[in-house]
2 protein chains.
Amino acid sequence: MKPQVQIRMNEGLFLRDPLHSELGKNIINHSIKMIHKIGFENFTFKKVAEEIGTTEAGVYRYFENKHKLLVYLTAWYWGWLEFQIIFHTNNITDPIIKLKKIITLLASPVEDDELTDHIDEKLLHGLIISEGSKAYLTKEVGDDNKKKFFKPYKDLCAIIGSVINECNPKYKYPKSLASTIIEMAHFQHYFMHYLPSLTDFGKSKEESNIIAFLNDLVFASIKNNK
Amino acid sequence: MKPQVQIRMNEGLFLRDPLHSELGKNIINHSIKMIHKIGFENFTFKKVAEEIGTTEAGVYRYFENKHKLLVYLTAWYWGWLEFQIIFHTNNITDPIIKLKKIITLLASPVEDDELTDHIDEKLLHGLIISEGSKAYLTKEVGDDNKKKFFKPYKDLCAIIGSVINECNPKYKYPKSLASTIIEMAHFQHYFMHYLPSLTDFGKSKEESNIIAFLNDLVFASIKNNK
DNA sequence: TTTTAAATGATAGCATTACTATCATAAATA
DNA sequence: TATTTATGATAGTAATGCTATCATTTAAAA
């Protein structure tokens, strides 16, 4: 039995804690698989219920609707990524090396994390790339924000922003640069695969190019305002 | 009667050309208004039909489904923006000034364009900011791309990429930087309004800050690799 | 160990969504 | 004037997005 890490989740995101029961974990796992496979628009509670061998009503007991489930998954992902970043940059003092590591963690293909049994991070990463923005690109963004549903995302952004600030306290846009890094780590990945002419990496399709691009972008900007 | 500009549209996007009839124009106009107001997820053909005073079937004669309509609106927007950029940078020879103008055009609040009677660009701009990415963040992205539905977006990106290339032919990521500018012009705007802690402009909420940020980002990167 | 509570399964139902089809009529075109 | 073509009116159907009820199984408290 390996040590397990759990991400603390906002209780407003679920009706019943999915990680406290087998059925709940099944819902999470199969939802990730299914959304990844057929896309969020085509995903329904009925379909995932059938896949699991429970009923639609069974899924509704855990999540109010599929939007909440998506927000849950994104929140979990950002929380997990924050943990990954803190874990992997813990011993690094130089903020520049730290920021480079963060960029690598953001843009690298994710390996399944042994510390969390219940979630396939690799699949989840793919899901967040193509569906993640839909969590906040809704009319409910204000309400959801009030309920702190996006706190993990904002926390992550704040952490990255503070590392940028450490690199160069005079740089004027640490938070916007941080959100740019996060979004572009994902969007460039998506573009590279599905709309390659929007990137310079269409042929190789390798994440290392995105990391190089982001490093170039970020450190040129930070240095520039010294 | 002022001269009118029309954006050439991919015929695969509609069943019947909406700009060739009053009903069609009504569908476009009221769809923009309604999606802007209630969000794409809550928008239905039935609702917009009732608003216009036609029937659901009437709207379906113009567009296959609401996804196609969204792709149509985004394609129109990018086509229109390309025209704006070509129009407003026509006489500029210095690529640096040109690129600055492009960034300003991308990130500024849009004024309603007198050259197009039939579409409210200001509303459409707001719609594209919050719903635009949903046009390509779907499982159909590959099919839609094959049908050239995203050509206007890609063309715009190519134009900006070539201006970046003119500024510094040695810069390695002109296309990725171009798509970054385009996406961030919109995302930073969205964040500034709805998730302000993801930006450095939460208090003022002024687009000029986004323009300054993007200029800083872009020209630092371009200069850096000279 | 009993008793009680909590979670699940099974089934039903209902309003809305996302369409497709048909037929009559009005408007535009040949 | 004949004939396409576009619109209006109405119906219908499968899927979606839920809510509700009741029996049963499982787990926790007494």
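Throughout, protein chains are lettered first and strands after them, A, B, ... in sequence-line order, and every chain is numbered starting at 1. As a basis for the values below, the full set of heavy atoms in this structure was taken, side chains included, without hydrogen atoms, waters or symmetry mates.
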For this session: Over 60° means perpendicular and under 30° means parallel, so classify the ring planes of B:Y136 and A:Y190, tilted if in between.
Result: tilted
For this session: Return no unless some side-chain N or O of A:Y62 is found under 4.0 Å from OP1 or OP2 of C:dA7.
Result: no
Exercise. What string of B, S and - do you get for nucleotides 25-30 of chain C 5' to 3' if you count protein non-hydrogen atoms under 4.0 Å?
Worked result: ------
Problem set entry | B/S/- contact track for nucleotides 9-22 of chain D, protein heavy atom under 4.0 Å | BB-----SBBBBB-
Once ring-ring contact (aromatic ring centres under 6.0 Å, His included) is applied, do any residues pair with [X], and if so which ones, sequence neighbours excluded?
| X | value |
| --- | --- |
| B:F40 | none |
| B:F14 | none |
| B:Y62 | none |
| A:F149 | none |

Seminar exercise, completed: Within residues 11-21 of chain A, the residues having a heavy atom closer than 4.0 Å to DNA chain C are A:R16, A:S21
Exercise. How would you label the contact of A:F63 with the nucleic acid (heavy atoms, under 4.0 Å): base, sugar-phosphate, or nothing?
Worked result: nothing
Scan the side chains in residues 45-61 of chain A for donor-acceptor partners under 3.5 Å anywhere in the protein, sequence neighbours excluded, and list what turns up.
unit_1: A:K47; atom_1: NZ; unit_2: A:N42; atom_2: O; d: 2.6
unit_1: A:T55; atom_1: OG1; unit_2: A:G58; atom_2: N; d: 3.4

Exercise. For A:E82, what residues pass the side chain to side chain donor-acceptor pair (under 3.5 Å) criterion, not counting sequence neighbours?
Worked result: none
Donor-acceptor pairs under 3.5 Å, side chain of residues 69-78 of chain A to any protein atom, not counting sequence neighbours: which ones?
unit_1: A:T74; atom_1: OG1; unit_2: A:L70; atom_2: O; d: 3.3
unit_1: A:T74; atom_1: OG1; unit_2: A:V71; atom_2: O; d: 2.8

Seminar exercise, completed: residues 149-163 of chain B vs side-chain hydrogen bond (donor to acceptor under 3.5 Å, both in side chains), sequence neighbours excluded, gives B:N145-B:K154, B:K151-B:D155, B:Y153-B:E183
Problem set entry | Pairing residues for A:E131 by the salt bridge (Lys or Arg N to Asp or Glu O under 4.0 Å) criterion, not counting sequence neighbours | A:K134
